[in-house]
There are 2 protein chains.
Amino acid sequence: MQTMTTEEIVRKMAAQGLRITDQRKTLAGLFAESPGYRTPKDVYEYMGRIYSGLSFDTVYRNLRVMEELGVLEQVMFEEGVRFKLHCREHDHHHHLICLQCSKTYPIKHCPMDATDVPDNFQVVKHKFEVFGYCKDCRQDEAEQRSV
Amino acid sequence: MQTMTTEEIVRKMAAQGLRITDQRKTLAGLFAESPGYRTPKDVYEYMGRIYSGLSFDTVYRNLRVMEELGVLEQVMFEEGVRFKLHCREHDHHHHLICLQCSKTYPIKHCPMDATDVPDNFQVVKHKFEVFGYCKDCRQDEAEQRSV
DNA sequence: GTCCATGCAAATTCTTTGCAGGAAC
DNA sequence: GTTCCTGCAAAGAATTTGCATGGAC
């Protein structure tokens, strides 16, 4: 996989003039390890276990900063915003996303290759995501339900 | 195109036991005419021009009701939630969406056909959307910018 | 020592709910 | 007449901002 290491993330943040605090190091580590999308609340709870007296707005601010910096990417789900490590651009791909654990798996195929766009439409960007359950979260056919 | 008429929408709402108020008739008409996605605020402003003393929460409530009923569909954009007429299911397709006027154009091709999903991943749903500028909103190459 | 990051508090924005009067059926 | 719809107000939730202190450099 083409994920960044904690050190690479920290280095990238430092290169942009950000101060490397413990909290930011931990955040970098969290996302370097995270195989999927995380909600701000998720992240806050995780961080809260490590830092007592942590404030939500600081977590939020850091997520925003890391997003603006291009380290994280933000995606809107029905239930709200989520963050994950930004995939490298030179390797364009899409994702299978697990509805249970929100882990992601790359899809090499890009639908734009096979999409017939009328030439009077000027394409700017596209979004392709597949949702379901991964092998670990897979449910019995019987108890399976749509979301 | 396979959009519903105002009458069909009204009939569908009535069939579900909803009372047909002026406001709901207007809403039905608005979405029957709307070629694209609309924000709740959009809708509220439009309705507000017709009904003085209109309250935002009623608009919201009606959008929700119409969504639960299957008349509208809700989509999360980066900027927030939007609504549009629900496309008929028997004719599965995707959309080109104009970033300017938010008008939509159907894409027949469904990327799932060409996507190689590992068989230990249980697919539940997928999302494929293409954003850009339609022929009416198309911008000069010079002043064109990514969003 | 300087300037940024943090926590605290509060402001905004978005969305939802309770309630009483009025409208649809 | 009964039940649902509406507007008003207010509650919740999600997100953002101002400010003083402490920490990174």
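What you see below is based on every heavy atom in this structure, not just the backbone, and it leaves out hydrogens, waters and symmetry mates. So that the names make sense, note that chain A is the first sequence line, chain B the second, and so on, each numbered from 1.
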Inset, instruction - List the atom of B:Phe121, the atom of A:Cys134, and the distance in Å for their closest heavy-atom pair. - result: CD1-CA, 3.7 Å
Inset, instruction - Using heavy atoms and a sub-4.0 Å distance, could you list which residues of residues 16-33 of chain B are near DNA chain D? By number, please. - result: B:Leu18, B:Arg19, B:Thr21, B:Gln23, B:Arg24
Inset, instruction - Considering only heavy atoms of chain A and a distance under 4.0 Å, specify the first and last nucleotide of DNA chain C in 5' to 3' order that meet this criterion. - result: C:dC3 to C:dA9
Inset, instruction - Sorted by first residue and then second, give each ring-ring contact (aromatic ring centres under 6.0 Å, His included) pair with at least one member in residues 13-41 of chain A; sequence neighbours left out. - result: A:Tyr37-A:Phe77
Legend entry - Residue-level proximity of residues 55-64 of chain B to DNA chain C when a heavy atom falls under 4.0 Å: B:Phe56, B:Asp57, B:Tyr60, B:Arg61, B:Arg64
Inset, instruction - Could you tell me, to 10°, how much the axis swings from one end of the helix from C:dG1-D:dC25 to C:dC25-D:dG1 to the other, five pairs per end? - result: 40°
Legend entry - Which residues share a side chain to side chain donor-acceptor pair (under 3.5 Å) with A:Thr21, sequence neighbours left out: none
Inset, instruction - Name the first nucleotide and the last nucleotide along DNA chain D (5' to 3') that come under 4.0 Å of a heavy atom in chain A. - result: D:dT15 to D:dC25
Legend entry - Heavy-atom check, side chain of B:Val75 versus side chain of B:Glu129, under 4.5 Å: yes
Inset, instruction - Only counting residues at least two apart or in another chain, list the ones meeting salt bridge (charged side-chain N to carboxylate O under 4.0 Å, His left out) with A:Glu67. - result: A:Arg64
Inset, instruction - Flag yes if more than 12 heavy atoms outside A:Asp119 fall under 6.0 Å of its CG atom; otherwise flag no. - result: no
Inset, instruction - Could you list by number each residue of residues 42-53 of chain B showing a heavy-atom separation from DNA chain C of less than 4.0 Å, or answer none if no residue does? - result: none
Legend entry - Aromatic ring proximity B:His126/A:His94, centre distance under 6.0 Å: no
Inset, instruction - Would you please name every residue forming a salt bridge (charged side-chain N to carboxylate O under 4.0 Å, His left out) with B:Asp116, sequence neighbours left out? - result: none
Legend entry - Heavy-atom closest pair, residues A:Ile9 and A:Ala32: CD1-CB, 4.1 Å
Inset, instruction - For B:Arg82, enumerate each residue passing the salt bridge (charged side-chain N to carboxylate O under 4.0 Å, His left out) test, keeping only those at least two apart in sequence or located in another chain. - result: none
Legend entry - Non-hydrogen atoms of A:His92 and A:Cys110 that approach each other most closely: NE2-SG, 3.4 Å
Inset, instruction - State which residues pass salt bridge (charged side-chain N to carboxylate O under 4.0 Å, His left out) with B:Arg38; sequence neighbours excluded, sorted by chain then number. - result: B:Asp42
Inset, instruction - Give the minimum heavy-atom separation between A:Gly48 and A:Leu54, together with the two atoms involved. - result: N-CD2, 3.5 Å
Inset, instruction - Test B:Lys135 against B:Tyr105 for side chain to side chain contact (heavy atoms under 4.5 Å, CB included), laying out the working first. - result: CA-CA 11 Å; B:Lys135 61 181 190 305; B:Tyr105 304 85; 4.3 Å; yes
